[in-house]
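Whatever order the structure lists them in is the order used to number ligands and atoms, beginning at 1.
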Amino acid sequence: MNIILLGPPGAGKGTQAQRLQADLGMVQLSTGDMLRAAVASGSELGKQAKGLMDAGQLVPDALIVGLIKDRIAQPDCAKGFILDGFPRTEAQAVALDKMLAEGGLKLDRVVEMEVDEKALTERVVGRFTCAKCGTGYHDSFKRPKVDGVCDVCGSKDFTRRKDDNAETMKTRMTAYRAQTEPLLPYYRARGVLKTVDGMAAMDEVYRQIRAVLAGA
Ligand code: AP5
């Protein structure tokens, strides 16, 4: 099964994608994570993306589409994939349609995660991530079981994103409303869009997503 998790910054796309990957074996394809890896490696792509990401603006479509096209062609994606943070513009959605058609692949579901804007800022400002395995946490909503130690890999090294602050969130939300939200009618018109309550507790959001996928 191939799906998209669609929602504003901090909606919980990464949190739910990690869980779906662990339980269903589908591959999480996070363009944000791919770009952050490119920035960390100092690659040409990373150099082009860094300033835009730090400012909360979108990276040009051509760079992102190339990244996803190469990734979807890799053998592990044959198990199915979860697009997390892609597509984010209509041009990206059209490019995805083309990639899927060329690969003989189908888009089974687009899951919209609906969350109040006030909650989004609180979520991103409190977010931190295990620097070793990438597991996501939150200061209030998801603390590690043992303070300062990752539940999954035991690492004591955590990171916070530079764009996770209230000021940059305003730019990220503007980009979401202007460029990504129009994808909702795009997918609704095809009958693949389903909406879940992203304000619910993480386990309940997960339950709703699984129910939506079971009906695909
Ligand atoms: P990206 O990394 O994709 O960021 P984003 O879309 O802004 O989404 P986030 O990662 O902030 O949020 P999320 O929905 O995954 O939430 P999470 O699960 O972590 O993109 C970063 C940048 O890269 C972009 O600004 C852009 O510059 C560039 N980029 C990436 N893709 C691009 C593309 N396709 N085109 C162009 N540019 C692109 O949850 C957030 C927090 O809330 C966590 O701490 C979590 O523990 C907590 N939480 C989650 N669910 C719940 C819940 N139900 N209740 C309470 N807390 C919760």
*Aromatic ring pairing Tyr137/Phe128, orientation class (parallel under 30°, perpendicular over 60°, tilted between)*: parallel
_Residues in contact with ligand 1, criterion: heavy atom under 4.0 Å_ = Pro8, Pro9, Gly10, Ala11, Gly12, Lys13, Gly14, Thr15, Thr31, Gly32, Leu35, Arg36, Met53, Gln57, Leu58, Val59, Ile64, Gly85, Phe86, Arg88, Gln92, Arg123, Arg127, Tyr137, His138, Phe141, Arg161, Asp163, Arg172, Gly198, Ala200, Ala201, Met202, Val205
*asked:* Which residues pass the side-chain contact (heavy atoms from CB on, under 4.5 Å) test with Asp23, not counting sequence neighbours?
replied: Arg19, Tyr206, Arg210
*Answer whether the closest heavy-atom distance between the side chains of Met1 and Met26 falls below 4.5 Å.*
yes
*In chain order, what residues pass the ring pair (Phe, Tyr, Trp, His ring centres under 6.0 Å) check against Tyr187, with sequence neighbours excluded?*
none
*What is the distance from atom CE of Met113 to atom CD of Gln208, rounded to the nearest 0.5 Å?*
9.5 Å
*side-chain hydrogen bond (donor to acceptor under 3.5 Å, both in side chains) pairs, two or more places apart, involving residues 57-71*: Asp61-Thr89, Asp61-Gln92, Arg71-Gln74, Arg71-Asp76
